[in-house]
2 protein chains.
Amino acid sequence: MRQRHCNRPGGWQGKLRGCGYRITIGREAILDVLTKYKDKHLSAEDIYLKVHSIYSDIGLTSVYRTLDMLISMGMVSKFDFGDGRARYEIAGEGQKEDHHHHLVCTICKRVINYNDFIDEELQLINKTEKSLSEKHKFEIRSHLVQFYGICDKCKKKK
Amino acid sequence: MRQRHCNRPGGWQGKLRGCGYRITIGREAILDVLTKYKDKHLSAEDIYLKVHSIYSDIGLTSVYRTLDMLISMGMVSKFDFGDGRARYEIAGEGQKEDHHHHLVCTICKRVINYNDFIDEELQLINKTEKSLSEKHKFEIRSHLVQFYGICDKCKKKK
DNA sequence: CGTTAAATGGAAATGATTTTCATTTAAAAA
DNA sequence: TTTTTAAATGAAAATCATTTCCATTTAACG
Ligand SMILES: [Mn+2]
Ligand SMILES: [Mn+2]
Ligand SMILES: [Zn+2]
Ligand SMILES: [Zn+2]
């Protein structure tokens, strides 16, 4: 049985409408996949393949277009982990539970989400944001924090 | 008169030799450019053009190869500011004076270096690094902190 | 100098992302 | 419901930063 999204205003449909975008099967399917794999880091092609298996009319071009749209609305975040393809992740609403940063293996490109010290980090980030905003007259919208190194498995291989 | 690099062991020449690499005119010229423009964020082609104007035998391929080599040695850092091309910056030795993070305009892609709160940031980063290293058996080598937003000029244009 | 593996440049290949354009479709109007 | 219309779409082609290939050159060492 197919899981349906709620239709409350404020759901994803309301958000799209509010920005003047139309509701389409492709867009719903892409959001479904992003939600289902919310702690993974899917590439555009990953998303295309997963959507394609349940809705074979989707095109890769539309995946890219939809992702750009969702990013511009702040509903999706785009990352570069150094393997030559962008990665996408749905941006959780409640910035408490979902917000996390990344640990990236520079060899195998594996990515770990982490939450440790997130309160302290966010506190410092807020302080920095405020100060930098004023000093450089810069309107800060988001931040990126990533650690790079060598993961357990890759270390053992050497 | 041409500015010469020092030959003290510990200089860039010693570092390359220590890693089994040869000293070449191209490599010297690339390091010269990276040093001269140390607070800019040059693309591979930017570097190629600047080197080419003083040493026209250089090829773009060698610029890419040399940058990869320098990155693997930790002498250069590579960044993605979202404009479709990688940016390179020489990595200062003394992590006090030179270490900085970035403020990136998502519209015009302008990048500002900042140092504010760097001590506090580094302190928290060290703490996080230590904890994450243990928890995930991950050997952390470096970190990335960037703020994204809209710069002064782009804000005025709207 | 002569030897040799590393380094190089140019051309071609690669591959993720973007553009183009003819067709389809969501949604508002009638 | 039917009509209307601009937004959305897919397929193919284009783009373009980066990588690969390979024949030639060169740094380093004796
Ligand atoms: Mn994540
Ligand atoms: Mn910088
Ligand atoms: Zn790894
Ligand atoms: Zn700007």
Side-chain angles (χ1 to χ4, degrees), chain A residues 5 7 9 11-31 41-49 51-73 76 78-88 109, chain B residues 5 7 9 11-31 41-73 76 78-88 106 109:
Chain A
H5 274 282
N7 271 326
W12 67 273
Q13 305 196 351
K15 274 187 195 160
L16 293 217
R17 281 215 194 79
C19 293
Y21 295 116
R22 293 178 178 179
I23 311 302
T24 70
I25 302 173
R27 288 171 177 178
E28 172 166 23
I30 289 169
L31 277 166
H41 306 93
L42 304 177
S43 67
E45 197 184 8
D46 291 337
I47 294 166
Y48 165 75
L49 290 172
V51 170
H52 190 267
S53 73
I54 56 170
Y55 173 57
S56 61
D57 276 354
I58 196 77
L60 181 56
T61 310
S62 281
V63 172
Y64 277 107
R65 276 188 295 231
T66 298
L67 288 169
D68 283 346
M69 178 198 77
L70 294 171
I71 289 166
S72 78
M73 297 174 64
V76 164
K78 180 179 183 179
F79 296 94
D80 166 34
F81 297 132
D83 69 341
R85 45 183 55 190
R87 304 278 164 174
Y88 303 86
K109 317 299 179 187
Chain B
H5 273 281
N7 269 326
W12 67 273
Q13 306 197 351
K15 274 187 194 159
L16 293 217
R17 280 213 195 80
C19 293
Y21 296 116
R22 294 179 177 178
I23 311 303
T24 70
I25 301 174
R27 288 171 177 176
E28 172 168 22
I30 289 169
L31 277 166
H41 306 94
L42 304 178
S43 67
E45 198 184 8
D46 292 337
I47 295 166
Y48 166 74
L49 290 172
K50 289 190 190 304
V51 170
H52 189 267
S53 74
I54 56 170
Y55 173 58
S56 62
D57 276 353
I58 196 77
L60 181 55
T61 309
S62 282
V63 172
Y64 276 108
R65 275 188 296 229
T66 298
L67 288 169
D68 284 346
M69 178 198 78
L70 294 170
I71 289 166
S72 78
M73 297 174 64
V76 164
K78 181 180 182 178
F79 296 94
D80 167 34
F81 297 132
D83 70 341
R85 45 183 54 190
R87 302 279 163 174
Y88 304 86
T106 50
K109 317 298 178 188

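A, B, ... follow the sequence lines: proteins, then strands. Residue 1 opens every chain.
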Which dot-bracket notation, 5' to 3', represents the base pairing of DNA chain D when pairs are defined as Watson-Crick or G-U with both distances under 3.5 Å, crossing pairs as [ ], and inter-strand pairs as |? ||||||||||||||||||||||||||||||
Does any N or O in the side chain of A/R87 come within less than 3.5 Å of the main-chain N or O of A/F79, such that one atom is a donor and the other an acceptor? no
Please work out whether the ring planes of A/H52 and A/Y48 are parallel, tilted or perpendicular, with thresholds of 30° and 60°. tilted
The answer to which of B/T61 and B/D83 contacts DNA chain D further toward the 5' end, by nearest nucleotide, is B/D83
Take the protein atom CD1 of A/I25 and the nucleotide atom P of C/dA26, then report the distance between them rounded to whole Å. 6 Å
Comparing B/R85 and A/Y55 on DNA chain D - which has the more 5′ nearest nucleotide: A/Y55
Considering only side-chain heavy atoms of A/R65, which listed nucleotide, C/dT8, C/dT17, C/dT20, is closest? C/dT20
For A/D46 and C/dT17, what is the distance between atoms CG and P respectively, to the nearest whole Å? 11 Å
Does A/M69 offer a backbone N or O that forms a donor-acceptor pair with the side chain of A/S72 under 3.5 Å? yes
Quickly work out the B/E28 CD to C/dT8 P distance and round it to whole Å. 13 Å
Taking heavy atoms of chain A and a 4.0 Å limit, find me the 5'-most and 3'-most nucleotide of DNA chain D within that range. D/dA6 to D/dA12
Would you mind reading off the distance between A/M69 atom CE and C/dT18 atom C1', rounded to a whole angstrom? 17 Å
Test item: B/R27 side-chain N/O and B/R22 main-chain N/O as donor-acceptor pair under 3.5 Å: yes
Assign B/T24 to base, sugar-phosphate, or nothing according to its heavy-atom contacts below 4.0 angstrom with the strands shown. sugar-phosphate
Where the side chain of B/R17 meets the backbone of B/W12, is there a donor-acceptor pair that is under 3.5 Å apart? no
Tell me whether B/S62 contacts the main-chain N or O of B/I58 through its side chain, where contact means a donor paired with an acceptor under 3.5 Å. no
Rounded to the nearest Å, what distance is computed from the CD1 atom of residue B/I58 to the C1' atom of nucleotide C/dT8? 9 Å
Rounded to whole Å, how long is the line connecting atom CD1 of B/I23 with atom P of C/dT8? 11 Å
Using a 4.0 Å heavy-atom cut-off across all strands, classify A/R22 as base, sugar-phosphate, or nothing. base
When we call it a touch if two heavy atoms are under 4.0 Å apart, what does B/R27 touch: a base, just sugar-phosphate, or nothing? sugar-phosphate
Nearest heavy-atom approach of B/G82 to B/K109 is O-NZ, 3.5 Å
When the distance from OH of B/Y21 to P of C/dA5 is rounded to whole Å, what number comes out? 18 Å
Pair B/H41 and B/Y88, ring centroids less than 6.0 Å apart: no
